[in-house]
Amino acid sequence: MYWLMKSEPDVYSIDDLARSSGPAMWEGCRNYTVRNFMRDRMADGDLAFFYHSNSDPSGIVGVMKIVGEAFPDPTQFDATSEYFDPKAPADGSRWLARNVVFVQKFNRVIPLNELRETPGLEEMLVTKRGQRLSVMPVTESEWAIVLALGQSSL
DNA sequence: GCCAACGTTGGC
DNA sequence: GCCAACGTTGGC
């Protein structure tokens, strides 16, 4: 499957991922729909768009790859972390993380506005009003269209 | 910084 | 199990 995963670049950007020598942990997701995606639908080797949220402009900035399986997010047990969850069951099943590796940074940001205006992306979840999931599926045709935009030098 | 949308919590 | 209150996301 294909995915879109959001991060605020002030917190973690695609440049941070590109600098990372090995896999990076995608942590801190605290939404059950996202948890279920990461647990049940996401697979080793899946590709994902890296989306910068709360940015100027917000948009898709590159591609990464999921490596390995889901595992308990260690930040849920870390009292010093902003992601600490005092009610998290000890088995770690409430909040999961995934490892990701950098694949490519696009020549340019593909802003949300452009996604909304691009034929074929009318149903893309990230363009929907009120859509707040930080991890969401992308269809194969959406993937191909966005990838072509990202590899153009417009 | 505003606020719409929507997820989560908790009283009942 | 309903639903009001509250918290969070994230575009603008």
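Sequence lines set the chain letters: A, B, ... in the order given, protein chains first and strands last, and positions in each chain run from 1. In what follows, every heavy atom counts, from backbone to side chain, and hydrogens, waters and symmetry copies are set aside. The structure presented is a predicted model; accordingly, all values stated were derived computationally and were not measured.
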Which pairs would a plain distance check flag for residues 57-72 of chain A, meaning a side-chain donor or acceptor within less than 3.5 Å of a matching protein atom at least two apart in sequence or in another chain?
unit_1	atom_1	unit_2	atom_2	d
A:Ser58	OG	A:Asn54	N	3.3
A:Ser58	OG	A:Ser55	N	3.1
A:Ser58	OG	A:Ser55	O	3.4

Using distance only, find each side-chain donor-acceptor pair of residues 119-128 of chain A under 3.5 Å and give its atom names and separation, not counting sequence neighbours.
unit_1	atom_1	unit_2	atom_2	d
A:Glu122	OE1	A:Gly120	N	2.9
A:Glu122	OE2	A:Gly120	N	3.3
A:Glu123	OE1	A:Lys128	NZ	3.0
A:Thr127	OG1	A:Met124	O	2.7

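- In terms of the ring-ring contact (aromatic ring centres under 6.0 Å, His included) criterion, residue partners of A:Phe50 (sequence neighbours excluded) are, by chain and number, A:Trp26, A:His52.
- Residues in residues 41-55 of chain A take part in no salt bridge (Lys or Arg N to Asp or Glu O under 4.0 Å) pair, two or more places apart or across chains.
- With sequence neighbours excluded, no residue forms a side-chain contact (heavy atoms from CB on, under 4.5 Å) with A:Arg129.
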Report task. Go along nucleotides 1-12 of chain B 5' to 3' and tag each nucleotide: B for a protein heavy atom under 4.0 Å from its base, S when only backbone or sugar atoms are that close, - otherwise. Result -> ---SBBSS-S--
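- Annotation: salt bridge (Lys or Arg N to Asp or Glu O under 4.0 Å) contacts involving residues 3-14 of chain A, sequence neighbours excluded, are absent.
- Shown for residues 2-16 of chain A: no residue has heavy atoms falling under 4.0 angstrom of DNA chain B.
- Judged as a side-chain hydrogen bond (donor to acceptor under 3.5 Å, both in side chains), and not counting sequence neighbours, A:Arg116 has no contacts.
- A chain of hydrophobic side-chain contacts below 4.5 Å, direct or via other Ile, Leu, Val, Met, Phe, Trp or Tyr residues, connects A:Tyr2 to A:Val34.
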May I have the list of side-chain donor-acceptor pairs in residues 85-93 of chain A shorter than 3.5 Å, sequence neighbours left out?
unit_1	atom_1	unit_2	atom_2	d
A:Asp85	OD1	A:Lys87	N	2.9
A:Asp85	OD2	A:Arg94	NH1	2.9
A:Asp85	OD2	A:Trp95	NE1	2.8
A:Asp91	OD1	A:Ser93	N	2.9
A:Asp91	OD1	A:Ser93	OG	2.8
A:Asp91	OD2	A:Ser93	OG	3.3

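- By the ring-ring contact (aromatic ring centres under 6.0 Å, His included) test, A:Phe106 is found to be paired with no residue, residues two or more places apart in sequence or in another chain being considered.
- DNA chain C lies under 4.0 Å from no heavy atom of any residue of residues 71-82 of chain A.
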